Amino acid sequence: MKEVSNEKISNLRDIILDRADSEKKENMTKGRREADDWLTRETEKLQRETNLILQDARKRADDIRRRQILAAEREKSTETLRLQNRILSDAMGRLQDKLVHLRERSDYVDILTGMCLDAVNSLGTKAPLRMRLSAVDTGLAEKIIEAVREVKGDLSLTFDPEPAPVLGGCWVSTEDGQRQVNMDWQSLTQEMADALAERLLPLL
């Protein structure tokens, strides 16, 4: 009886061990499968996050590159405008210098007379007028008025001894000072600025 009991116990133990081994293998297989599934899910998740990061990085890089291009274009435009203004200012300065050097010509009185007549015609009135010259040219006033009267004998034109704040040319105004035409070198240079710019800018 005792031997039978031992045999039964031994068989029962073998059955338990076999079942435990089987469950162990099954659990290991199940665990391996779950681990593989988890790894697959995490890999896919990581891939999605990586793609999002790369997309964001590309977008940021594109934005930075676009801003850099716009900044470069603005800088180029600003530099071009700066260069154009410098060239135009230089050209206007040279033109004004050329006008100032007209004083060295023998027909300078005739030039001022012509400018004074232009100013008189621009005013378009027979009312008494006053003429002002630059401080350097005041000594030519009588000759200019005499020459103007030869052309416009009925014109009442007097010389205002107060020098005009100009480099050359003349100012002509009505006696009450309400209307005035400036025919000086600075005014003429400014009037010619647009025409000068139209000719210069296409060359840049």
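Just so you know, these numbers come straight off a predicted model, no measurement behind them.
- The two residues G168 and Y108 have their closest heavy-atom pair at CA-OH, 4.3 Å.
- Counting only heavy atoms from C-beta outward, the side chains of R130 and S156 never approach each other to under 4.5 Å.
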* To do: Check the pair D63 / R66 against salt bridge (Lys or Arg N to Asp or Glu O under 4.0 Å), numbers first and verdict last.
  => CA-CA 5 Å; D63 289 343; R66 194 177 302 110; 2.8 Å; yes
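- Side chain to side chain, D110 and T113 fail the donor-acceptor criterion of an N or O pair below 3.5 Å.
- Residues L99 and L102 have side chains in contact (heavy-atom distance under 4.5 Å, counting atoms from C-beta outward).
- The distance from atom CZ of R33 to atom OG1 of T40, rounded to the nearest 0.5 Å, is 12.5 Å.
- For D62 and R65, the salt-bridge test passes: some basic side-chain N is under 4.0 Å from an acidic carboxylate O.
- Across all their heavy atoms, V136 and R103 have their closest contact at CG1-NE, 3.6 Å.
- For the atom pair C170 SG and I111 CD1, the distance stands at 12.0 Å (nearest 0.5 Å).
- Note that CD of E175 is 5.5 Å distant from OG1 of T158, once rounded to the nearest 0.5 Å.
- Within the 4.5 Å cutoff, the side chain of M115 has heavy atoms near those of the L188 side chain.
- The local environment of CZ in R94 is sparse, with at most 12 non-hydrogen atoms from other residues, nucleotides or ligands closer than 6.0 Å.
- Heavy atoms only, all atoms of each residue included: Q186 and P165 are closest at NE2-O, 4.0 Å.
- Atom CG in L112 sits 8.5 Å away from atom CE in M131 (nearest 0.5 Å).
- Q55 and N51 form no side-chain donor-acceptor contact under 3.5 Å, judged by distance and modelled atom types alone.
- Atom CD1 of residue I145 and atom CG of residue L157 lie 5.0 Å apart, to the nearest 0.5 angstrom.
- Taking the side chain as every heavy atom from C-beta outward, D184 and L167 never approach each other to under 4.5 Å.
- Paired with R179 under the rule side chain to side chain contact (heavy atoms under 4.5 Å, CB included), one option of T125, V172, L129 passes, and it is T125.
- Taking OG1 from T138 and CZ from F159, the interatomic distance works out to 5.5 Å, rounded to the nearest 0.5 Å.
- What you find for V181 and S122 is that their closest heavy atoms are CG2-CB, 3.9 Å.
- Listed here is the closest heavy atom pair of S187 and N182: OG-CB, 3.6 Å.
- Side chains of K45 and R48 form a contact here, defined as non-hydrogen atoms less than 4.5 Å apart.
- Using a 4.5 Å heavy-atom cutoff, the side chains of V166 and W185 are not in contact.
- Using a 4.5 Å heavy-atom threshold, the side chains of W171 and M183 count as separate.
- Using modelled atom types, one side-chain atom of N121 and one backbone atom of L117 make a donor-acceptor pair closer than 3.5 Å.
- You'll find the side chain of C116 stays beyond 4.5 Å of the side chain of K152, heavy atoms only.
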